[in-house]
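Counting convention: from 1, in listed order, for ligands and their atoms alike.
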Amino acid sequence: MRSQTYSHSQLKCVSGRDIVLGQMQDWPLLITKFLDHGEINHPNREIFSMLPEGGEFRYNYAALALRARKCAQGLERLGIKLGDRVGTLAWNTHRHMEIWYGVSGMGAVTHTINPRLFPEQLIYIMNHAEDRLLFLDITFVPLIEKIADELNTVEHFVIMVGKEDMPKTSLKNVICYEDFIEAEDGDYTWPTFDENTACGLCYTSGTTGNPKGVLYSHRSNFLHTLLATSGDTLGINALTTILPIVPMFHANAWGVPYAATASGAKLVLNGPVHDPETLHMLIEREGVTMAAAVPTVWMGLLKFLKATGKNCCKLKMVTIGGSAVPRSMIKTFQDDYGVRVNHAWGMTESSPLGSLGSENGAIQNLSEEAKLDIQCKQGRPVMGVEMCVKNDDGEMLPRDGESSGRLMIKGPWVIDKYFKADGGEILDEDGWFDTGDVSCMDQYGYMQITDRAKDVIKSGGEWISSIDLENAAVGHPAVAEAAVIGVYHPKWDERPLMVIVEEEGESIDHAEMNAYLTGKVAKWWLPDDLQKVDDLPHTATGKISKKDLRDVFKDYRFPDA
Ligand code: ADP
């Protein structure tokens, strides 16, 4: 049965009295409240950052808050207004944190851009977002120089370094970040506005077609942060030292930077560095107790630990998500290193926390092996995200651990519509958002991804569009039909395998195909192998049946993996 929604005036009628609203203070849920809290209550708590220009930096929440205010002043001086989009092309650093708070805090929208996108996609999303200003790390200057002429709305480029590290560049209207900050005095009071005001923008390419923008509000980010500090989820608190390896351009680094500020946790930011040796050095030297990343990162760290005989020092918990966590990874972390694995599921459209693998009362007394089986699943829904599995007729399936269907979610930090209404109406008639994941739920409340309805491949936490690869491949005269599927890869979780039917009398091999695709798609999208078949399986409607094709290649392994 649909629930009845009452407006304020209807409430008065129903009750027949004047006051039926609560009488507590109406405090808009703005993300600057985290910063105020950090500055007042945890002023000396440390924030450490590796720098893209080389070297390291260390300061605290009081200094972060001051510089975020200076950043907001600088933006106002440049004419940035409430609702304007401001892009960031940046690693996880203290400066990126200042910009996050500075931009959103003054009422503009922080648009975090994924630098791993193909240049055409970068141009598309920056123009689509109408970014007025771009903050960029020195690493990305060459990338932006190549496409700057096609960025129609960017008025200023702020390079995130000090004067001494400013590069020579062909970019116009360039500002040095440290000059930009130093020009201000920090005497600034955060404005107050409606908590539903847009706060952040993140494009997702996890579906077909052009990337689509997910527009977070202050309210959604605020509520999501409260959740991230709860013990059953990420459990970030004042005593935590957290290393969010997951980039800030990936769904807000899973909410970790906000949650760290809100709880007064020590924050360790690894900048552009992702090699296992440096990550381990940070874990050891900075006393990291929690970290979050995709399986590929942990695969590298576990290999490093095995080869060097080192341990995990103070690390107590790793949150792993973005792709399924292999059972062996959970076991090794827990049995060999005493580090609990928190298996998380989420997506850009859900801010991203949706379900996490902490124990509940129903599984508490199961055997260790049975608990491990459950940890391999994608966790149980967090409070605030409702989850169900529906069949193709829109009927809800039972939580029996077997009935598999489309994973649907709803909640106050789940998407309502994409930016500029791309994709139109995206909720079903009952308000559920279709995640594109195929899953089942068990009797204990844990969700398991069993397949993916969306036609994409996830390699090391980044999306590869099968459709774009297929469209590019069929442009070759030797190709009659092409399909691309994701196949397990020990380092990258999944890599693309291209399967083709050749035109009669024509022939093409893997190297020729990759040479042909080069320049048409990102280099890291190139298929790891090419297989030839006489026919591809098709559905009743004539589409290539990826499900059947995945079945055919279920035992296939890449030659060099
Ligand atoms: P993120 O940046 O957090 O990876 P995306 O929106 O790019 O978010 O990707 C979300 C998708 O990633 C999900 O819909 C699902 O297909 C996949 N995914 C996320 N977490 C897991 C997980 N633990 N196991 C399997 N797939 C996952």
At under 4.0 Å between heavy atoms, what of Q378 touches ligand 1? The answer is side chain
Where on T348 is there a heavy atom closer than 4.0 Å to ligand 1, on the side chain, on the backbone, on both, or on neither? both
So does [X] pair up with [Y], basic N to acidic O under 4.0 Å?
X    : Y    : result
R116 : E462 : yes
E286 : K314 : no
K390 : D434 : no

N or O pair under 3.5 Å between P352 and ligand 1: no
Evaluate G322 for polar contact with ligand 1, using N/O atom pairs at a separation under 3.5 Å.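 Yes: some nitrogen or oxygen of G322 is under 3.5 Å from one in ligand 1.
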Run the side-chain donor-acceptor check on residues 548-555: report pairs under 3.5 Å with partners two or more places apart or on a different chain.
| residue | atom | partner | partner atom | Å |
| --- | --- | --- | --- | --- |
| D548 | OD2 | S545 | OG | 3.0 |
| R550 | NH2 | D451 | OD1 | 3.3 |

Mark up the atoms of ligand 1 that fall under 4.0 Å of a heavy atom belonging to H250, in ascending order. 2 (O)
For ligand 1, which atoms, with element, lie under 4.0 Å from some heavy atom of R452? 16 (O)
So, is the end of the K212 side chain (NZ or CZ) under 6.0 Å from the ring centre of Y418 and within 45° of the ring's axis? yes
Out of curiosity, I47 CD1 to L267 CG, how far, rounded to the nearest 0.5 Å?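 Answer for the CD1-CG pair, I47 versus L267, is 6.0 Å.
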Just to check, does G436 reach to within less than 4.0 Å of ligand 1 when the distance is taken from its heavy atoms? no
Does E462 come within less than 4.0 angstrom of ligand 1, counting non-hydrogen atoms of the residue? no
K417 NZ: over 12 foreign heavy atoms closer than 6.0 Å: no
Options G321, C376, A344, ranked by nearest heavy atom to atom 23 (N) of ligand 1, top entry: A344
